[in-house]
Visitor: 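I have a structure here, written as structure tokens, and I will follow up with some questions on it.
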Amino acid sequence: MQNFLKGIMKTITTVSELQKEICAAKAEGKTVGLVPTMGALHNGHISLVKRCVGENDVAVVSVFVNPTQFNDPNDLRNYPRNLDADVELLRQNDCSIVFAPSVEEMYPEPDTRTFDFGMLDKVMEGAFRPGHFNGVAQIVSKLFDIVKPHRAYFGEKDFQQLAIIREMVRQFSIPVEIVGCPIVRETDRLAMSSRNARLTPEQREIAPFIAQTLNNSLTFVPSKKVSEVIEWVTGKVNALPELRVEYFQIVDGNTLQPVTCWDETEYIVGCITVFCGDVRLIDNIRYK
Ligand code: PAF
């Protein structure tokens, strides 16, 4: 189909037009991949887009700052937005369709649905950002409903989000393959994030210390106790006056529940959230 030839990208703002394009592509037997984003795109997003382009005939990237997942109005207000640059970057990376709807288009009426993810959303981000994952589930389920993608791509940086989306797909038997993609890091190891754009030059110098500390903590496993590693990482990061750890937890990678010893389970991940000034950064590391 001509629309989906390399370099010819459509920017669509309405659900009906998007559905028309996708129906036409599916009628021709094409596979559709979806990369949900909130824009302010960086190389982490682009790694998802490249994978999506490589594995599907049609790559749809949504750019939508979803208000229902922000529990802090300041965070929503300050979230970086740059649609023109995003569209250009997506064009250069062979995206087929950019879906950039308005808030009214996505929420013609308030979304009152509440999701229950058991213990998965009671910990970490779920505990510190009440309602956040309910908002994520609202928007991602809407996007899945509209696009009905064969595959959808999410970054492992948002480790808990990925686990919750997998759980949502399982609970509602949504016919989509969820593809988790590795964290993309700057050369100094800072995990790529749209929020990095808000760091001052001084904060940008210091922020990589978070990932470097996580990486150094690998050498203590399994000789130090889980509690000692938590204390060490938290202490090291908090020792810098510009950084403040909100939480650092070492959890079972499937259940997201804290572990107390290294042989408790086969899959163990350390998840951290740190304020660098007023910029909230998250990262994680796989221990096992
Ligand atoms: O990870 C994000 O950017 C957002 O939470 C998502 C998945 C696009 C939903 O708004």
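Note that ligands are numbered from 1 as they come in the structure, with each ligand's atoms numbered from 1 the same way.
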Visitor: Can you run down the side chain to side chain donor-acceptor pair (under 3.5 Å) pairs that involve residues 219-236, sequence neighbours left out, and say none if there aren't any?
Guide: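 Non-adjacent pairs meeting side chain to side chain donor-acceptor pair (under 3.5 Å): zero.
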Visitor: Among residues two or more places apart or on two chains, list those pairs meeting salt bridge (charged side-chain N to carboxylate O under 4.0 Å, His left out) that have a residue in residues 176-185.
Guide: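 Qualifying pairs: R151-E177, R185-D283.
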Visitor: Below 3.5 Å only, please: the N or O atoms of ligand 1 paired with protein N or O atoms, distance on each line.
Guide:
residue  : atom   : partner : partner atom : Å
ligand 1 : 1 (O)  : Q161    : NE2          : 2.8
ligand 1 : 5 (O)  : Q69     : NE2          : 2.9
ligand 1 : 5 (O)  : Q161    : OE1          : 2.7
ligand 1 : 10 (O) : Q69     : OE1          : 2.6

Visitor: Can you list everything that forms a side-chain contact (heavy atoms from CB on, under 4.5 Å) with T273? Sequence neighbours excluded, please.
Guide: E125, E246, Y247, R280, I282
Visitor: Ring centres of F133 and F117 under 6.0 Å apart?
Guide: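 Between F133 and F117, the centre distance exceeds or equals 6.0 Å.
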Visitor: Among side-chain atoms of D57 and T31, is any donor-acceptor pair under 3.5 angstrom?
Guide: yes
Visitor: Using a distance-only test with no angle check, is there a side-chain donor-acceptor pair under 3.5 angstrom linking Y107 and N66?
Guide: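 Note: Y107 and N66 side chains meet the donor-acceptor criterion.
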